[in-house]
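Sequence lines set the chain letters: A, B, ... in the order given, protein chains first and strands last, and positions in each chain run from 1.
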Protein chains: 2
Amino acid sequence: MHNKLTIQDIARLAGVSKATVSRVLNHNPSVNGLLRERVQRVIKEHNFIPSVIAVGLADGHTRLIGVLAPPLTWPSVPEIMQGVAEYIEQTHYEMVLYSIGLERNHSDVLDNILRLKIVSGLLAIFPGELMSHLTYRFEQGFPLVTIDDQAEPTSLPWVGVDNHTSAYQATRYLLDLGHTRIAHLMGPQHYYCAIERYQGYAHALRDAGIILDPALVFQGTFVPDSGRQCAIQLFSREKSDWPTALFVANDQMAYGVLDVAEQLGIQIPEEITVVGFDDNNFSALTRPSLTTIRQPFSQMGRQALETLVTMIDQHHHTGKEALNHPEAEETQKSMHSEQEDTSPRIQIPTHLVVRTSSGVPRTLSIGL
Amino acid sequence: MHNKLTIQDIARLAGVSKATVSRVLNHNPSVNGLLRERVQRVIKEHNFIPSVIAVGLADGHTRLIGVLAPPLTWPSVPEIMQGVAEYIEQTHYEMVLYSIGLERNHSDVLDNILRLKIVSGLLAIFPGELMSHLTYRFEQGFPLVTIDDQAEPTSLPWVGVDNHTSAYQATRYLLDLGHTRIAHLMGPQHYYCAIERYQGYAHALRDAGIILDPALVFQGTFVPDSGRQCAIQLFSREKSDWPTALFVANDQMAYGVLDVAEQLGIQIPEEITVVGFDDNNFSALTRPSLTTIRQPFSQMGRQALETLVTMIDQHHHTGKEALNHPEAEETQKSMHSEQEDTSPRIQIPTHLVVRTSSGVPRTLSIGL
DNA sequence: TTGTATGCGTTATCAT
DNA sequence: ATGATAACGCATACAA
C-alpha cells in the first residue's frame, strides 16, 4: 500500500523540490518543459493525488461544496440531487450533504456548517424559513445559491422556473382544447410559486376573454390530502356546476384528486380533465397518467451547482487580488458590478407533458 | 463577522496557550477545573468551533465519512440515505456523497476517493461489481461497510435483510390464505438476493408438502418491463393453468405485472393474488395497492453508518495504540478477534405489509 | 526557472 | 498542570 505518499515523496522520486511538484500540480507555467514532464510522469506512475485536506489548509480553499437539502424522500429532491451529483462529478469538488430532518433548528444547523469552515460554498435546496438567514450570509460574502419555490425573490442567487409563464401555458393548453370552465387548485398562500401559478392561470383566462369565476378557485396545501378535500368539495356540487377542467398547482395534490375521482367512479378525462405541475416520478404511473408541467429538476441542480462553482472560483480569485493589490479598486468594482449583471435569478424552461388525464371537454366530444 | 476565529485567538482571549485550549476542546482531564471553565466560557461566548480541516491534518483523522451511492433516483436509495443522514446528524461526522453515474469506471472512482484521503471511512450502497475491490481495500485496513443485495457474502461488513426467511414468510402468508398453486417471478441469477428469495419460496412450499412446479417459476431482471413480460406470458396460458397467486421478487417487477393485468382487464386480487418485495414508495399507491415485504431501508442506512462509525473510532484508537505500544500484541490480538466476533453481517427484520393486491384464492371465495 | 522558508489551524511531544 | 514547539501536507512569497 502506497497510502502515505506525499508531495515530498514525489519530489524526492523526481529529484526536485516540493515547490516544483506543487507548481506542476497547479499548472504553474513557470516550469521547464522537460522538468514538468518528468515530474508528471512520476505523479502518474504513482497515482499521486494531493491531499484535499492539506490543500484546503494551505490555501484556505477547501474543495468541498455543501448541499443543504430537505429529506431525500421528499418529491423532486432526489432528481435535483442527481443533477448536482452529475455536475460535481466533472469538477474537482466533493459534495458534503447536509440532509436536515424536521426536528432541529435549521438556523443552528446553518450556523454550524458555516462555522466549521469546511465548505467553501453552499447550495440550499428548499430552505424554507431559512431564506433570510441565508441572504444575510450571502451579503456577508459567503458563496451561496438556492433552489427554492417558497420565498419571494431576494438578492440571493437563485435557480428555478418561470411559474407564471408555465401556468399560463398549462391553462392555455386547456383553453386550446376547448375548455372554458377551468378550475384551479392553488398551493398555499405563503408559497410564492403558488401565487405565481395562480396569476399565470388568471392571466391566461383574461387573455382568452374569460372572466375568472372565484367559485372555481380552490385553496390547497400542496399535499395529496388537500387534493382529496378539494375533489370531494368539487364533486359534491351539482354536476352542471362542474368545471370541465382542473389545473392543479402541483402533482401531489393532483394525486389526491385522481384518488377521489376513482373512488367516486368519475371518469378522467371524460368527465373532467386534470392537469398537474411538477411531473414527479409517480405522475407517469398514475391511473390515468397525469398530464402535467415538467419541472427540469435535474437541470436545476446542475445549473445551480455550476453557478455556485463559478461564484466560489471568483470569490477565491478576488480574495487573493484584494489581498495583494488593495489599491486596485477599479478592477474590483467592475468585477463586482459584473457579478450584479450576471443575473442571480436563473430560470430554466419547463414544458407540458401530455398524458391521459386530459382531453377535450365533454360538451365538445359529444358534439362530434 | 468572526470568521477567522482560531484556537490562537481563544487562547489569547482566555490568557492561556493554544495547547490548553486544545486540551479543553478534546476533554483532556489534565486541565485544572477553574482554568477549564474559563476557557470553556470563552469558547462558548465566541461560538468557537475548531476547523475540521486543520484537525484532520493534525491528527490524520478527518471527520468525514464517504457514502458511495447509485443514482438517487433509484428506488430505495433515498430511503437508505435518509437513515444515513439521520444518524450522521447526531455524530460529529459529516457526509461526503459520491453519487456515481453509470458512465464512469467505478473502480477508478473508488481509487480516487481513497487516494484523496479525504474520508476516514466509506459506506458503499449497492456497489455492484465493485465488491471485490472493496473487499480488498477493507482487508488492507480501510474502514468499510456495505449495503448490498447482489454479491455473495464476503468478509466485508454488511447490513441487509434475511431474504430467505422473508421470502419464506411471504410464501407462507399465501399458503395460509389457502393458495396452493403459487408462482414465483425471480430476480436475475447474478443477484444473490434473488437466489435467496427463490430458495425461501421453495422452502415454504416444501414445508407445506407442495411440489414446486417449474412451470410456475419465471425469470425476471428486477425491472418493471420484465414484470410485464412475465405477466403477458403467464396470462396467455389457459386460464385453468394459471396459478392463484404470484410472488414477485421485487416491487418494480410487480408494478409491471399490475400494469399488464389492468390492460388485460384481469382483476387483482380476484383472479390472481400478487405479492411483491421491498415496499418501495409507490407500492402503497398502485391500483390495487401492493401487498409486499417491507425492507427497512432507513434503518439499514442508520445501522450501516453506526457500524462504520464504530469501526472508524476503533481504527483510530488501535492505530494510536499500535504506535505507542508496539509490544502489546496480546491486546491487539484480542481486539482483532473481537472485531471478527462482532458479526460483520447485520440482518434487520422485514415484515409483511398486507394491502389490496392479495386475497384468498378464487376457488375458495366461490366456495363460501 | 528552481529551491528555501514560512504559514495554514490543530494535535501531540516535549519540557517545565 | 501548563506552555513552547514540532509535526501534518501543501501552497506560496521570497531568495537565488
Side-chain angles (χ1 to χ4, degrees), chain A residues 2-39 43 46 48-63 92 115-118 120 316-317 319-321 323-325, chain B residues 2-39 43 46 48-64 92 115-118 120 316-317 319-321 323-324:
Chain A
H2 37 255
N3 245 345
K4 295 178 173 294
L5 208 55
T6 79
I7 200 174
Q8 183 66 277
D9 301 320
I10 301 297
R12 189 168 28 76
L13 262 40
V16 298
S17 72
K18 296 195 310 179
T20 300
V21 178
S22 177
R23 292 191 185 99
V24 172
L25 247 16
N26 297 299
H27 303 98
N28 186 320
S30 74
V31 184
N32 180 285
L34 272 70
L35 229 196
R36 140 167 287 112
E37 285 199 29
R38 177 147 56 94
V39 174
I43 291 175
H46 294 265
F48 174 74
I49 298 188
S51 157
V52 178
I53 299 291
V55 174
L57 226 208
D59 71 0
H61 179 212
T62 79
R63 268 65 179 177
H92 287 293
R115 247 166 330 104
L116 276 171
K117 282 175 293 186
I118 204 182
S120 19
H316 192 223
H317 287 143
K320 285 198 298 188
E321 292 296 315
L323 231 64
N324 297 345
H325 314 288
Chain B
H2 36 255
N3 246 346
K4 296 178 172 294
L5 208 55
T6 79
I7 200 175
Q8 184 65 276
D9 301 319
I10 301 297
R12 190 166 29 74
L13 263 39
V16 298
S17 72
K18 297 194 309 179
T20 300
V21 178
S22 177
R23 292 191 185 99
V24 173
L25 248 16
N26 296 300
H27 304 96
N28 186 321
S30 74
V31 184
N32 180 285
L34 271 71
L35 229 195
R36 142 167 285 113
E37 284 199 29
R38 178 148 56 95
V39 174
I43 291 175
H46 294 265
F48 173 74
I49 298 187
S51 157
V52 178
I53 299 292
V55 173
L57 223 210
D59 72 357
H61 179 213
T62 77
R63 268 65 180 177
L64 266 30
H92 287 293
R115 247 165 329 107
L116 277 171
K117 283 176 292 186
I118 205 182
S120 7
H316 192 225
H317 287 142
K320 284 198 298 188
E321 293 296 315
L323 232 63
N324 298 344

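- Taking 4.0 angstrom as the limit, B:S22 places a side-chain polar atom (N or O) nearer than this to OP1 or OP2 of C:dT11.
- Computed from coordinates, the B:K117 NZ to D:dG9 P distance equals 7 Å when rounded to whole Å.
- Within 4.0 Å of A:V21, counting heavy atoms only, lies no atom of the nucleic acid at all.
- One distance of note links CD1 of A:I49 with CG of B:L116; it measures 4.5 Å at 0.5 Å rounding.
- Here the CD1-CG distance, from B:I10 to B:L25, works out to 8.5 Å after rounding to the nearest 0.5 Å.
- The side chain of A:N32 sits closest to C:dT2 out of C:dT10, C:dT2, D:dG9.
- Summarising the geometry, the separation between CZ on B:R12 and P on D:dT2 is reported as 20 Å, rounded to the nearest angstrom.
- OP1 or OP2 of C:dG3 sits under 4.0 Å from a side-chain N or O of A:T20.
- Distance check: B:L57 CG to B:K117 NZ gives 10.0 Å after rounding to the nearest 0.5 Å.
- Listed candidates were C:dC8, C:dG3, D:dG3. Nearest to the side chain of B:V16 is D:dG3.
- In this structure, NE2 of A:H27 is placed 12 Å from P of D:dA11, rounded to the nearest angstrom.
- Taking only side-chain atoms of A:S51, from C-beta outward, the nucleotide of C:dT2, D:dA4, D:dG9 with the closest atom is D:dG9.
- Atom CD1 of A:I53 and atom P of D:dG9 are 12 Å apart (whole Å).
- In this structure, B:S17 reaches the D:dG3 phosphate: one of its side-chain N or O atoms is under 4.0 Å from OP1 or OP2.
- Rounded to an integer number of Å, the gap from B:I7 CD1 to C:dT11 C1' is 8 Å.
- The CG atom of A:L25 sits 15 Å away from the P atom of C:dT2 (whole-angstrom rounding).
- For A:L57 and C:dC8, the CG to C1' distance is 5 Å, given to the nearest whole Å.
- Residue A:S51 holds its OG atom at 12.0 Å from CG of A:L5, rounded to the nearest 0.5 Å.
- Of the candidate nucleotides C:dG3, C:dT2, D:dA1, C:dT2 has the atom nearest to the side chain of A:L35.
- If you take OG1 on A:T20 and CZ on A:R36, they are separated by 10.5 Å, rounding to the nearest 0.5 Å.
- Minimum atom distance to the side chain of A:V31 is reached by C:dT2, of the listed C:dT11, C:dG3, C:dT2.
- Residues A:Q8 and A:R23 both approach DNA chain D. Their nearest nucleotides, taken by heavy-atom distance, put A:Q8 toward the 5′ side.
- Remark: P of D:dA7 and NZ of A:K18 are 12 Å apart, rounded to the nearest angstrom.
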